Amino acid sequence: LGPAWIILNPLITTVIFNVVFGGMANMPTDGVPGFLFYMAGNTVWTFFANCVNNTANTFVTNSQIFGKVYFPRLTMPVSQVLTSLINFGIQAVMYLIFWVYFFATGSGVTFTLWVLAVPFVVLEVMLLGLGVGIIVSSLTTKYRDLAIAVGFGVQLWMYGSPVVYPLSMIENPLLRGVMIANPMTAPMETFRYIFFGSGQVTGVMWAASLAWTAVLLVLGLSLFSKVEKTFVDTV
């Protein structure tokens with residue numbers, strides 16, 4: 001099917017989420033149609049997961065190229081993130097088609113000027129994914145098994161983020177604090193607030209997300225700059 005998987009993968013995943021979490025587990029969706037709720041969360045999370053997974057193998061995958069010709073090494077993980085951004089754009093178009101359908105049929109979704117904040121949310125997710133990805137890519141030059149574990153770790157991270165459930169259902173103070181500190185909570189809840197008018201978005205939540213992103217980017221760039229000088233000897 002080739003490029004069609006860019007659309008089929010999130011669509012099939014959304015259907016599964018809707019059946020399992022919406023139909024069988026009966027999880028709340030803050031009054032939003034279940035299918036659209038899960039598609040919104042899946043669209044954002046797929047973008048983040050692709051940014052992390054695609055950049056995680058930068059050194060290992062491109063070791064032969066790096067060893068033959070010099071060019072700014074950082075262009076490789078950045079190009080992977082930009083590719084993920086293109087895929088996200090395609091999936092976002094599909095999501096908007098479904099959103100327009102639910103809007104036209106009076107299913108409770110609303111349109112607000114908060115849609116202008118979408119580029120900011122996308123940029124935050126992209127930078128966070130880049131930061132995590134280049135940290136992993138730097139470490140995989142020495143610890144190869146980390147590349148295998150990262151896919152599993154990203155999947156666990158998804159269930160620790162409000163992707164298949166809203167933040168409003170987390171009532172335990174400790175768990176709620178952990179969720180708010182999760183850097184993906186703010187973008188996820190904001191994305192849903194933009195298109196549904198539902199979601200719990202606070203300044204503290206965004207401060208935590210931006211702080212994590214800044215720290216991970218600085219750490220990742222520092223590790224990347226050190227590893228790129230000697231990675232040919234270890235890869």
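All values derive from a computational prediction rather than experimental measurement.
- A side-chain N or O of Trp157 and one of Asn182 form a donor-acceptor pair less than 3.5 Å apart.
- The main-chain N or O of Leu174 is found under 3.5 Å from a side-chain atom of Asn172 such that the two form a donor-acceptor pair.
- There is a path of hydrophobic side-chain contacts, each under 4.5 Å, that joins Val115 to Val44.
- Considering all non-hydrogen atoms of both residues, Leu217 and Ile134 come closest at O-CD1, 4.5 Å.
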| request: Could you please spell out the steps behind the side chain to side chain contact (heavy atoms under 4.5 Å, CB included) verdict for Phe196 and Leu36? | output: CA-CA 9 Å; Phe196 306 144; Leu36 200 60; 3.6 Å; yes
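- The aromatic ring centres of Trp99 and Tyr95 sit 6.0 Å or more apart.
- In this structure a side-chain-to-backbone donor-acceptor pair under 3.5 Å is present from Arg176 to Leu167.
- Within the 3.5 Å criterion, the main-chain N or O of Val218 finds no donor-acceptor partner in the side chain of Ser222.
- No hydrogens or angles considered: nothing links the side chains of Gln91 and Thr46 as a donor-acceptor pair under 3.5 Å.
- Atom NZ of Lys226 is separated from atom CG of Leu223 by 7.0 Å, given to the nearest 0.5 angstrom.
- Hydrophobic clustering (ILVMFWY, side-chain heavy atoms < 4.5 Å, transitive): Phe120 and Met184 are in one cluster.
- Minimum interatomic distance between Pro162 and Arg192 (heavy atoms only, all atoms of both residues): O-NH1, 2.6 Å.
- With a 4.5 Å cut-off on side-chain heavy atoms, Asn87 and Phe47 do not count as touching.
- Residues Tyr159 and Leu175 are members of one and the same hydrophobic cluster, defined by side-chain heavy-atom contacts under 4.5 angstrom among Ile, Leu, Val, Met, Phe, Trp and Tyr.
- With Gln80 as reference, Thr55 is the one residue of Thr55, Val52, Leu85 to meet the side-chain contact (heavy atoms from CB on, under 4.5 Å) rule.
- With contacts defined as side-chain heavy-atom distances shorter than 4.5 Å, the pair Met179/Met205 does not qualify.
- At least one side-chain heavy atom of Asn53 sits less than 4.5 Å from a side-chain heavy atom of Val154.
- Closest non-hydrogen pair, Ile135 versus Gly220, comes out as CG1-CA, 3.4 Å.
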| query | Does the side chain to side chain contact (heavy atoms under 4.5 Å, CB included) test come out yes or no for Thr83 and Asn54, once each step is laid out? | reply | CA-CA 9 Å; Thr83 301; Asn54 292 343; 5.6 Å; no
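- A heavy-atom distance below 4.5 Å is found between the side chains of Ile170 and Tyr165.
- A 4.5 Å side-chain heavy-atom check between Leu82 and Ile86 finds every atom pair outside the cut-off.
- A 4.5 Å side-chain heavy-atom check between Ser161 and Phe48 finds every atom pair outside the cut-off.
- Counting heavy atoms from C-beta outward, Phe37 and Val164 have side chains that stay 4.5 Å or more apart.
- Aromatic pair Phe195/Phe191: centroids less than 6.0 angstrom apart.
- A donor-acceptor pair under 3.5 Å is absent between the side-chain atoms of Asn42 and the main chain of Tyr38, judged by distance alone.
- For the atom pair CD1 (Ile97) and CE (Met39), the distance works out to 9.5 Å, reported to the nearest 0.5 Å.
- Residues Glu124 and Pro187 share a closest heavy-atom pair of CG-CG, 3.8 Å.
- Both Val118 and Phe103 belong to a common hydrophobic cluster when Ile, Leu, Val, Met, Phe, Trp and Tyr are linked at side-chain heavy-atom distances under 4.5 angstrom.
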Report, one line per pair, each donor and acceptor closer than 3.5 Å where one atom sits in a side chain of residues 9-25; sequence neighbours left out.
{"unit_1": "Thr13", "atom_1": "OG1", "unit_2": "Asn9", "atom_2": "O", "d": "2.8"}
{"unit_1": "Thr14", "atom_1": "OG1", "unit_2": "Pro10", "atom_2": "O", "d": "2.7"}
{"unit_1": "Asn18", "atom_1": "OD1", "unit_2": "Phe35", "atom_2": "N", "d": "3.4"}

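- Looking at Ser209, its side chain does come within 3.5 Å of a backbone N or O of Pro183 through a donor-acceptor pair.
- Looking at Glu189 and Trp206, their side chains never come closer than 4.5 Å, going by heavy atoms from C-beta outward.
- Annotation for Cys51 and Ser84: closest pair N-OG, 3.7 Å, computed over non-hydrogen atoms.
- Linking ILVMFWY residues whenever their side-chain heavy atoms come closer than 4.5 Å, directly or via other members, places Leu210 and Val204 in the same cluster.
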| query | What do the steps show when you test Leu216 against Leu128 for side chain to side chain contact (heavy atoms under 4.5 Å, CB included), and what is the final call? | reply | CA-CA 7 Å; Leu216 291 172; Leu128 179 62; 3.7 Å; yes
